[in-house]
Each structure stands twice: as C-alpha cells, then as structure tokens.
Amino acid sequence: GQCYPDRHNTSSTSAWISCSENPNPNSFRGNSHWVKYDFNYTYELSQITFWNYNETDNTNQGLQDVIIDYSLDGEEWIEWGTFKFDQASGSSIYEGDLGPDLNGLFAKHILITAISNYGGECYGFSEIKIKTESFISDTNEPLVGVELSLSPIPADQQFTINLETEEAMEKLTYTIIDMQGKLINRKNVEVSSNKISEPIIVSN
C-alpha cells in the first residue's frame, strides 16, 4: 500500500476493513472485529508503527481503541493491554504513527481486536509494522547434528542446558523464555569443544 517509504495512499483497496463481526480466535472476545497475525516463528517483538484507515472522507472507519492479545501457540491467548490509535489524515503523504512498544515480548501470534472506531459503520486500518529483534525456531523442527536436553524438567529454581554438536563450537547464544513469552535469560557463551553444560537460574 505504500507508494513512498513510510507513506500510505488513500485507496480503500490498500487497507483491511471489517463490516461484520465474526467469532474471535480468543473466545473470550466473542464476536468482534479482529485481525490475527501468524508469524510462523516465535519472534522477539518491540516497536509497532501503525497506519490507520486512510481513505479520504472515510477515516472515521479507522480503529480507535483496541485490545492486543498475543500467543505462543495460537490456542492460549494472553492479554497484552489496550491501546488508542490516532485517526488517519486522509492524505496521500500520511506516514502513520508510532503504536505501542511490546518491549521484547516473545510471541508467535498477535491478535488485534477493535473496541471502537471514529464513528464509521465499518472498522479498518491500512497497515501495521512490528519491529523484531530475534526469533526462535519451532521446537518441533529437527535439529540436524545437534543433541539438546534440559534437566530437570520441570524446574523450580534452576535447570541445566546440555548441548552436543557434531562439530566443535566457538560461540553459543541461548535465549530462555517462559510460558508468558517473557524473557528469563539470554547469554553468549564462549566454548572450545562440541559439548556444553550450562546452568540457568529460573528465579531468585
């Protein structure tokens, strides 16, 4: 939809719009106007930039108050919070606005549910951009040439990463997140062999 870096046009065909409520992926939200994003991998998310519905004379269909939920599996949803988006200008040089900063939240799915708009009959927006810092591959994918285990499971205060590879490693970076998508631990480890056993503190 952008005809210039960070600008959005005024065409209705370059925007998402919902004119009827549908069952929300988060059943707690009931029937509503919503958009769900599946990133395929778990990403570390930060700053959101948002372009509201920018069709000239119909910017009142833009989202105003929204609820943002996130998920690691697409089934269990966690509420991040509510946010208010500014109304679009209806101009062809509209450059959007900064949205919320997710502050390093890890998620595979983001769900935006509209609470209100600016008075229009439908609910829409033009574009969204979410800055990512890193990603974690799906744990169901096979690790070629790598044996990885954690012990003990479940862990209370501390657990240990045991990693062995076919070839010697020089450096390893690991990231540990909890079931809420919050960062527990991240560390760069210097190694000189194909094995590592690293203790991880879960909580104090």
Distance (rounded to the nearest 0.5 Å) between [X] [atom1] and [Y] [atom2]:
X	Y	atom1	atom2	result
D86	L63	CG	CG	12.0 Å
N26	H109	CG	NE2	12.5 Å
E121	S20	CD	OG	12.5 Å
C19	Q61	SG	CD	6.0 Å
E79	Y70	CD	OH	10.0 Å
K84	S116	NZ	OG	5.5 Å

Whether F39 and Y37 hold their rings parallel, tilted or perpendicular, with breakpoints at 30° and 60°: parallel

For residues [X] and [Y], determine if any side-chain heavy atom of one lies less than 4.5 Å from a side-chain heavy atom of the other.
X	Y	answer
L72	T42	yes
L111	N24	yes
L45	K131	no
V66	I115	no
I112	W34	no
D69	W80	no
I128	T49	no

Derivation and outcome, side chain to side chain contact (heavy atoms under 4.5 Å, CB included), residues Y94 and N52: CA-CA 9 Å; Y94 172 51; N52 218 331; 3.7 Å; yes

Heavy-atom pair with the smallest gap, counting every atom of G124 and Y53: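 Heavy-atom minimum between the residues: O-CB, 3.5 Å.
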
Least distance between heavy atoms, T10 atom then G90 atom: CG2-O, 3.4 Å

Name the atoms and distances for all side-chain donor-acceptor pairs under 3.5 Å in residues 97-107, with sequence neighbours left out.
| residue | atom | partner | partner atom | Å |
| --- | --- | --- | --- | --- |
| D101 | OD1 | N103 | N | 2.8 |
| N103 | ND2 | D101 | O | 3.2 |

Verdict with reasoning, S32 to T113, per side chain to side chain contact (heavy atoms under 4.5 Å, CB included): CA-CA 7 Å; S32 50; T113 303; 3.6 Å; yes

Same apolar cluster: W77 and I130, side chain cutoff 4.5 Å: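 In one cluster: no.
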
Co-membership, hydrophobic cluster, residues I78 and I67, 4.5 Å side-chain: no

Criterion side chain to side chain contact (heavy atoms under 4.5 Å, CB included) on K129 and I48, from CA distance to verdict: CA-CA 6 Å; K129 179 170 65 176; I48 292 178; over 6 Å; no

Pairing residues for S89 by the side chain to side chain donor-acceptor pair (under 3.5 Å) criterion, not counting sequence neighbours: none

Pair D73, S71: side-chain N/O donor-acceptor within cut-off below 3.5 Å: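 Per modelled atom types, D73 and S71 side chains form a pair under 3.5 Å.
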
T59 and Q87 side chains, donor-acceptor separation under 3.5 Å: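 On atom types as modelled, these side chains qualify, holding a pair under 3.5 Å.
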
Worked check of side chain to side chain donor-acceptor pair (under 3.5 Å) between S46 and E133: CA-CA 7 Å; S46 55; E133 305 295 337; 3.1 Å; yes

Pairing residues for Y118 by the ring-ring contact (aromatic ring centres under 6.0 Å, His included) criterion, not counting sequence neighbours: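 Listed in chain order: nothing, the list is empty.
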
Test ring-ring contact (aromatic ring centres under 6.0 Å, His included) applied to F85 - qualifying residues, sequence neighbours left out: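 Partners of F85 by the ring-ring contact (aromatic ring centres under 6.0 Å, His included) criterion, ordered by chain and then number, come out as F50, F83.
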
Residue list, side chain to side chain contact (heavy atoms under 4.5 Å, CB included) with S126, at least two apart or on another chain: H8, A15, W51, N54

Any residue meeting side chain to side chain contact (heavy atoms under 4.5 Å, CB included) with E21, in chain and number order, not counting sequence neighbours: N31, H33

Donor-acceptor contact below 3.5 Å, side chain W16 vs main chain Y123: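 No, because the side chain of W16 does not come within donor-acceptor range (under 3.5 Å) of the backbone of Y123.
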
